[in-house]
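To keep things clear, I will list the structure first and then write my remarks on it.
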Amino acid sequence: MRGSTRVGTALMVALLLTCASPAFGYYYESTTTVITDCTVCHGIASPTTATPTGPHGGYTATTDKCASCHQVHAGPSGGVMLLPAATVKGTCQTCHDGTGGHGVYGVLAARSVVVTASHSIETTAMVPGGDATTGGSKLGVFSGEGNTLTCSDCHSPHASNVVEPFTGDRARGSTSVTIQTNRLLKRLPTTATTPTAVYGSDWCGGCHEGRLSGSGPLANHPVDSTLSTTTPFFYEKIAKVTGTLTSVTTTGTLGRNNFGYVMPDPRTTDQSGHYPICQQCHEDARNVGDVSPQQVAPSEVFSITATDGVSASDNPRFQTFPHESQNPYFLAETYDDLCLNCHMPD
Ligand code: HEC
Ligand code: HEC
Ligand code: HEC
Ligand code: HEC
Ligand code: HEC
Ligand code: HEC
Ligand code: HEC
């Protein structure tokens, strides 16, 4: 019964927070009011930025994390797996409700920004570019109601069989620092047939098979993946420029800097034999390569000064990829602005 009491408390507090301060929704990260028992959501008593997995992992005989999601008795009717809500999305949203503008869904709407691209949840099973042979759409069988795509198709709620840690862009809280975590990303997202140990093109290609170059009879823009090379780049290891207004490159993470979104032309030794990964074109919208072609100007460096898009001049303003974006198709930049980051036709 303890589980249901806790989730009940979480919901109640969330409602109180919503009433007192709509901007905060269910989000709770300080000791200011109402809940002092952080265990309700984090599964541990004293969470810090150094324990970013919350209730999703680190299970031991003395932790009490299962109960933050599973009620052993008296779950909601229509519910599954003894979870607090009737759907997976509903369960995730008991804690990760972004409608107040925090999190990964609902953040754009909360800042009156139109959502132009999204991995929409529990609405579709159709994967654009999912068919390796035709490059067309393919109907998938996902874990949401009616086989639709839901959170647990990409994320493992228990952090089991997840990819290696990587540096994400997102500033998770006011005191957030650079964190390397696995983001609970499954090595085998639903419909993928080959597990991927690292987050990169092959991970996306597990669902979007028809967008990997060399996957079938079709021509796609070349993409670095296991289909194109035996040692493909991935999110934590790409070639990037070493600083502002330079064409010198090094290898490192794509995360928390903007230096991997341009590719100097002519290509450098680090880039030789490699193509861009999906995330060098598909990521949170940002400005790069506009001032000086294939370079990053001082005005274009990675800069996040506030959480969750509060500061309109942050670059990138939002860190919600691959959940929702203001740019079509989750493009980092649009039209020729994107192509010119890496190409300068004669
Ligand atoms: C963050 C919420 C969350 C926490 C914490 C959590 N679970 Fe789950 N659990 C889920 C969800 C969501 C599902 C259904 C989706 C799925 O299977 O991936 C699930 C499914 C299950 C299943 C069904 C089969 C399976 O393995 O997928 C079992 C058994 C289970 N959980 C046990 C546990 C135990 C034991 C703990 C604590 C050590 C725990 N869970 C902690 C959310 C959670
Ligand atoms: C009981 C509350 C609760 C529920 C329910 C819950 N989460 Fe979480 N989740 C948390 C907390 C707390 C954190 C840690 C945040 C931090 O410390 O930065 C977290 C972290 C995460 C992270 C980041 C992990 C990392 O390694 O960086 C992901 C991804 C995530 N949750 C997804 C989900 C999904 C998907 C579901 C539904 C299956 C879900 N959560 C359900 C509370 C919850
Ligand atoms: C578990 C399967 C799955 C994975 C993994 C996945 N996608 Fe998708 N993707 C989908 C589905 C399903 C849709 C359709 C969503 C919709 O219509 O809202 C989609 C839509 C898209 C779209 C079109 C969005 C729009 O609104 O136009 C792009 C672009 C995209 N995905 C890129 C990616 C990239 C890049 C990755 C890797 C970071 C990725 N996807 C990982 C299943 C997946
Ligand atoms: C198509 C796959 C996909 C789906 C569906 C998806 N996510 Fe994610 N999610 C990701 C990826 C990839 C990342 C890591 C992005 C990064 O750090 O660059 C991520 C990151 C996160 C994070 C961590 C953000 C941070 O602060 O670092 C949370 C929390 C999260 N997702 C929650 C959810 C919830 C809740 C749902 C469902 C409502 C969901 N996700 C659906 C792919 C997905
Ligand atoms: C109602 C559920 C809930 C409660 C209660 C809660 N948290 Fe959180 N907390 C979350 C969620 C969800 C996140 C992740 C938010 C996100 O990524 O958008 C989070 C994130 C955090 C973070 C990471 C953000 C950052 O600044 O880096 C810290 C630290 C944290 N919480 C500390 C605490 C402490 C300490 C308490 C108890 C005083 C507490 N939380 C109570 C749900 C909760
Ligand atoms: C060189 C940049 C670039 C790379 C690399 C790239 N894309 Fe795209 N992608 C685009 C552009 C531009 C569009 C916009 C629509 C179009 O031109 O087809 C797009 C559209 C899409 C779409 C949605 C529309 C459609 O055509 O079905 C999906 C899904 C997608 N890409 C997935 C991926 C995946 C998965 C990868 C990695 C395997 C990838 N892309 C690599 C630039 C890129
Ligand atoms: C992140 C860097 C990057 C971006 C952005 C990018 N490309 Fe490329 N593109 C490359 C690389 C690397 C190659 C491999 C050949 C080379 O080094 O020029 C390539 C190859 C090509 C080719 C030759 C394809 C072949 O099969 O030989 C074309 C055409 C092309 N890109 C067009 C585009 C267009 C159009 C856009 C904008 C929608 C674009 N590229 C965006 C990096 C990029």
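Read the numbers this way: they start at 1 and go in the same order the structure lists the ligands and their atoms. FYI, side chains are in, hydrogens and waters are out, and symmetry mates aren't considered; it's all heavy atoms of this structure.
- Taking only nitrogen or oxygen atoms, main chain and side chain alike, H208 reaches within less than 3.5 Å of ligand 3.
- The protein heavy-atom contact nearest to atom 25 (C) of ligand 3 is A117 CB, 3.8 Å.
- Closest heavy-atom approach to atom 28 (C) of ligand 3 within the set F142, Y199, F330: this belongs to F330.
- For atom 22 (C) of ligand 7, the nearest non-hydrogen atom from the set R267, H343, M344, M263 comes from H343.
- Short contacts between ligand 3 and T190, defined as distances under 4.0 Å to a heavy atom of the residue, involve ligand atoms 1 (C).
- Here the heavy atom of the protein found nearest to atom 16 (C) of ligand 6 is Y329 CE1, 5.0 Å.
- When only non-hydrogen protein atoms are considered, atom 2 (C) of ligand 6 lies nearest to C281 SG, 2.0 Å.
- Hydrophobic clustering of Ile, Leu, Val, Met, Phe, Trp and Tyr side chains at less than 4.5 Å, counting indirect connections, keeps L149 apart from W203.
- Applying the 4.0 Å criterion to heavy atoms of L149 picks out, from ligand 3, the atoms 1 (C), 12 (C).
- In the vicinity of Y275, heavy-atom distances shorter than 4.0 Å reach the ligand 7 atoms 14 (C).
- A distance-only check finds no donor-acceptor pair linking the side chain of N327 to the backbone of F330 [under 3.5 Å].
- For atom 37 (C) of ligand 3, the closest non-hydrogen atom on the protein side is C204 SG, 1.9 Å.
- With distances taken over non-hydrogen atoms, the option nearest atom 41 (C) of ligand 7 out of A332, C339, C342 is C339.
- The shortest contact between atom 33 (C) of ligand 6 and any protein heavy atom is with H282 NE2, 3.5 Å.
- Looking only at heavy atoms of the protein, atom 4 (C) of ligand 3 is closest to C207 SG, 3.3 Å.
- Assignment of T124 to the shell around ligand 3 is supported, since a heavy atom sits closer than 4.0 Å.
- Note on H221: its N/O/S atom closest to atom 8 (Fe) of ligand 7 is NE2.
- Atom 13 (C) of ligand 3 has P128 CD, 3.4 Å as its closest protein atom, hydrogens excluded (heavy atom only).
- Remark: atom 10 (C) of ligand 7 lies closer than 4.0 Å to at least one protein heavy atom.
- Heavy atoms of L331 found under 4.0 angstrom from ligand 6 belong exclusively to the side chain.
- In terms of protein heavy atoms, atom 26 (O) of ligand 3 is closest to S118 N, 3.0 Å.
- The closest approach between any non-hydrogen atom of R211 and ligand 3 is not below 4.0 Å.
- Electrostatic pairing of R286 and D314 does not count as a salt bridge here, judged by no charged N lying under 4.0 Å from a carboxylate O.
- With respect to atom 38 (C) of ligand 6, the closest heavy atom belonging to the protein is C278 SG, 2.6 Å.
- The shortest separation from a heavy atom of G206 to ligand 3 is not under 4.0 Å, leaving the residue out of contact.
- Taking 4.0 Å as the cut-off between side-chain N and carboxylate O, R170 and D284 do not count as a salt-bridged pair.
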